[in-house]
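The next block holds one structure in the form of structure tokens; read it before the comments.
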Amino acid sequence: MKAIVISEPGKPEVLQLREVDDPQVKDDEVLIRVHATALNRADTLQRLGLYNPPPGSSPYLGLECSGTIESVGKSVVSRWKVGDQVCALLSGGGYAEKVSVPAGQIFPIPVGISLKDAAAFPEVACTVWSTVFMMGRLSAGESFLVHGGSSGIGTFAIQIAKHLGVRVFVTAGNEEKLAACKDLGADVCINYKTEDFVAKVKAETDGKGVDVILDCIGAPYLQKNLDSLNFDGRLCIIGLMGGAVAEIKLSSLLPKRLTVLGAALRPRSKENKAVVVAEVQKNVWPAIEAGKVKPVIYKYLPLSEAAEAHSLMESSNHIGKILLVT
């Protein structure tokens with residue numbers, strides 16, 4: 001099969017389409033012929049040599065895909081069969097013509113969504129649902145701030161939170177991105193380059209703050225995030241784009257009974273991922289099929305143009321997801 005290979009850690013140009021061996025399919029896995037995959041920030045970190053795949057995972061990039069099942073491992077007793085069109089959460093391997101994946105990490109294609117566009121959902125849906133809802137317990141009537149509202153994670157988080165009766169705040173870096181967030185349902189849109197998001201959050205909540213924050217920035221935002229939370233607020237940290245080391249005032253945690261949560265999806269066990277996938281299919285898939293959550297896709301590129309796709313992601317000029325099509 002063909003796959004994108006990292007010739008050496010470095011700039012996007014190190015991504016090369018090469019002929020490689022087909023993946024080995026374990027007894028509890030299925031083999032998918034990939035139709036499309038989607039970019040995630042973790043892919044750019046892996047390309048730079050900063051984020052290795054979990055042990056036993058595919059060495060290739062790609063944390064989600066859509067496609068057609070080509071074979072099924074002998075111990076797979078689920079509903080999946082050869083010929084089924086599916087999408088899947090991966091530990092790696094999506095930037096290839098074929099990928100093997102544990103059966104518990106597979107979704108049916110949502111009704112009304114194309115096979116190609118379904119590749120935009122597994123990673124964002126599992127990340128947001130497992131952190132914001134399963135760990136952070138965000139619920140109807142509460143308020144929610146998502147940083148990077150125009151990202152793949154952000155555009156999904158806005159839609160599912162609004163669908164579930166939450167007041168949504170977002171930050172983004174320009175008016176075009178803020179307008180896109182507003183179109184998706186965000187209630188309060190904050191330009192982090194020209195506005196103080198802490199002050200804006202406080203002003204919009206009568207000085208209380210929001211109930212849950214989803215953060216991908218890390219260190220530079222840590223104290224600001226704590227200052228933006230309401231009593232019993234929960235901060236969910238899923239990325240460290242701004243840095244990993246910070247100093248905070250512990251006194252800001254105690255009076256408001258704040259909780260700081262950290263989570264990464266890729267290193268979880270396949271058993272844990274199967275639980276998340278089942279919860280997402282139960283709680284998120286109906287919203288997608290009802291048209292309440294739509295795929296937000298900025299650009300489709302052929303798999304051979306993975307380098308261009310990485311350059312686009314690193315420019316941060318996109319809104320939503322970038323897809324690679326085989």
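If you read the sequence from its start, that first residue is 1, and numbering goes on from there. The basis for the numbers below is simple: all heavy atoms, side chains too, and nothing from hydrogens, waters or symmetry mates.
- Between Phe169 and Phe197, the distance separating the two ring centers is not shorter than 6.0 angstrom.
- A side-chain donor-acceptor contact under 3.5 Å links Lys256 to the backbone of Leu229.
- When all heavy atoms of Ala119 and Ser66 are compared, the closest pair comes out as CB-OG, 3.6 Å.
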Item to check | Steps toward side chain to side chain contact (heavy atoms under 4.5 Å, CB included) verdict (Leu258, Leu226) | outcome: CA-CA 8 Å; Leu258 303 182; Leu226 297 176; 4.1 Å; yes

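- Shown here for Asp187 and Lys182, the closest heavy-atom pair between the two residues is O-NZ, 4.1 Å.
- Residues Leu50 and Tyr95 do not share a hydrophobic cluster, defined by chaining ILVMFWY side chains whose heavy atoms lie under 4.5 Å apart.
- Asp215 places a side-chain N or O within donor-acceptor distance of the main-chain N or O of Ile217, the cut-off being under 3.5 Å.
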Item to check | Residues Glu123, Leu265; criterion side chain to side chain contact (heavy atoms under 4.5 Å, CB included); working and verdict | outcome: CA-CA 8 Å; Glu123 179 74 15; Leu265 187 59; 3.7 Å; yes

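- A continuous path of hydrophobic side-chain contacts links Val280 to Leu214 [ILVMFWY only; heavy atoms under 4.5 Å].
- The side chain to side chain contact (heavy atoms under 4.5 Å, CB included) test with Cys126 is passed by exactly one of Val277, Val284, Thr131: Val277.
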Checklist entry - Is there a side chain to side chain contact (heavy atoms under 4.5 Å, CB included) between Glu308 and Ser311 once you walk through the steps? => result CA-CA 5 Å; Glu308 181 183 336; Ser311 294; 5.6 Å; no

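- Panel note: side chain Gln105, backbone Leu89; a donor-acceptor pair is recorded below 3.5 Å.
- Between Val128 and Ile153 the shortest side-chain heavy-atom distance falls below 4.5 Å.
- Looking only at side-chain heavy atoms (C-beta outward), Arg79 and Pro108 come within less than 4.5 Å of each other.
- Note: Met135 CE to Leu138 CG = 13.5 Å, rounded to the nearest 0.5 Å.
- Residues Val168 and Val188 form no side-chain contact, since every pair of their non-hydrogen atoms from C-beta on lies 4.5 Å or further apart.
- Closest of all the heavy-atom pairs between Val82 and Val72 is N-CG2, 4.1 Å.
- Residues Thr37 and Leu323 fail the side-chain proximity criterion, which asks for heavy atoms closer than 4.5 Å.
- Proximity of a side-chain donor or acceptor of Asn225 to a complementary backbone N or O of Tyr221 within less than 3.5 Å is detected.
- Of the N and O atoms on the side chains of Arg41 and Gln46, not one donor lies less than 3.5 Å from an acceptor on the other residue.
- The OG atom of Ser91 sits 15.5 Å away from the OH atom of Tyr60 when rounded to the nearest 0.5 Å.
- A donor-acceptor pair under 3.5 Å is absent between the side-chain atoms of Glu204 and the main chain of Lys200, judged by distance alone.
- For the pairing with Leu15, the side chain to side chain contact (heavy atoms under 4.5 Å, CB included) check across Asp43, Leu61, Val5 returns one residue only, Leu61.
- Residue Tyr298 holds its OH atom at 13.5 Å from OG1 of Thr155, rounded to the nearest 0.5 Å.
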Next on the checklist: What verdict does the side chain to side chain contact (heavy atoms under 4.5 Å, CB included) test give for Ile213 and Ser228, after you've listed the backbone C-alpha separation in whole Å, the side-chain angles of each residue and the deciding distance to 0.1 Å?
Outcome noted: CA-CA 9 Å; Ile213 298 174; Ser228 301; 4.0 Å; yes

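- Taking all atoms of both residues into account, the shortest heavy-atom contact from Gly92 to Leu63 is N-CD2, 4.1 Å.
- With a 4.5 Å cut-off on side-chain heavy atoms, Lys299 and His318 do not count as touching.
- Looking at every heavy atom in both residues, Gly136 comes nearest to Arg234 through O-NE, 2.8 Å.
- By the neighbour-count criterion of 12 heavy atoms within 6.0 Å, atom CD of Glu19 is densely surrounded, having more than that number from other residues, nucleotides or ligands.
- A side-chain donor from one of Lys321 and Asn40 sits under 3.5 Å from a side-chain acceptor of the other.
- Geometrically, Arg266 engages Tyr51 in a cation-pi contact, judged by NZ or CZ lying under 6.0 Å from the ring centre and within 45° of the ring axis.
- Cluster annotation: Ile6 and Ile322 are assigned to the same hydrophobic cluster (Ile/Leu/Val/Met/Phe/Trp/Tyr, side-chain heavy-atom contacts under 4.5 Å, transitive).
- Rounding to the nearest 0.5 angstrom, the gap separating the SG atom in Cys216 from the CE atom in Met241 is 5.5 Å.
- Between the side chain of Asp117 and the backbone N or O of Ile113 there is no donor-acceptor pair closer than 3.5 Å.
- Residues Ile32 and Val101 form a side-chain contact, since some pair of their non-hydrogen atoms from C-beta on lies under 4.5 Å apart.
- Arg167 contributes atom CZ, which lies 9.0 Å from atom NZ of Lys162 (distance to the nearest 0.5 angstrom).
- Considering all non-hydrogen atoms of both residues, Leu184 and Ile158 come closest at O-CG2, 3.6 Å.
- Within the cation-pi definition used here (under 6.0 Å to the ring centroid, within 45° of the axis), Lys116 qualifies as a partner of Tyr300.
- Each of Val30 and Ile109 belongs to its own hydrophobic cluster when Ile, Leu, Val, Met, Phe, Trp and Tyr are linked at side-chain heavy-atom distances under 4.5 angstrom.
- For Asp21, the CG atom is loosely surrounded, since the number of other residues' heavy atoms within 6.0 Å does not exceed 12.
- Atom-to-atom distance recorded for Lys224:NZ and Leu235:CG is 14.0 Å, nearest 0.5 angstrom.
- Side chain of Asp211 to backbone of Ser143: a donor-acceptor contact under 3.5 angstrom is found.
- Between Asp28 and Ser75, the side chains place no donor N or O within less than 3.5 Å of an acceptor N or O (distance only, hydrogens not considered).
- At distances below 3.5 Å, at least one donor-acceptor pair connects side-chain atoms of Asp84 with backbone N or O atoms of Lys81.
- In this structure a side-chain-to-backbone donor-acceptor pair under 3.5 Å is present from Glu97 to Lys2.
- Counting only heavy atoms from C-beta outward, the side chains of Pro102 and Lys26 never approach each other to under 4.5 Å.
- Exactly one of Trp285, Phe121, Trp80 qualifies for a ring pair (Phe, Tyr, Trp, His ring centres under 6.0 Å) with Phe107. That residue is Trp285.
- Side chains of Arg47 and Val14 form a contact here, defined as non-hydrogen atoms less than 4.5 Å apart.
- Taking hydrophobic clusters as Ile, Leu, Val, Met, Phe, Trp and Tyr residues chained together by side-chain heavy-atom distances below 4.5 Å, Val210 shares a cluster with Ile190.
- Using a distance-only test at 3.5 Å, with no hydrogens or angles considered, no donor-acceptor pair links the side chain of Ser252 to the main chain of Ile248.
- His310 and Thr44 share no side-chain donor-acceptor pair at under 3.5 Å.
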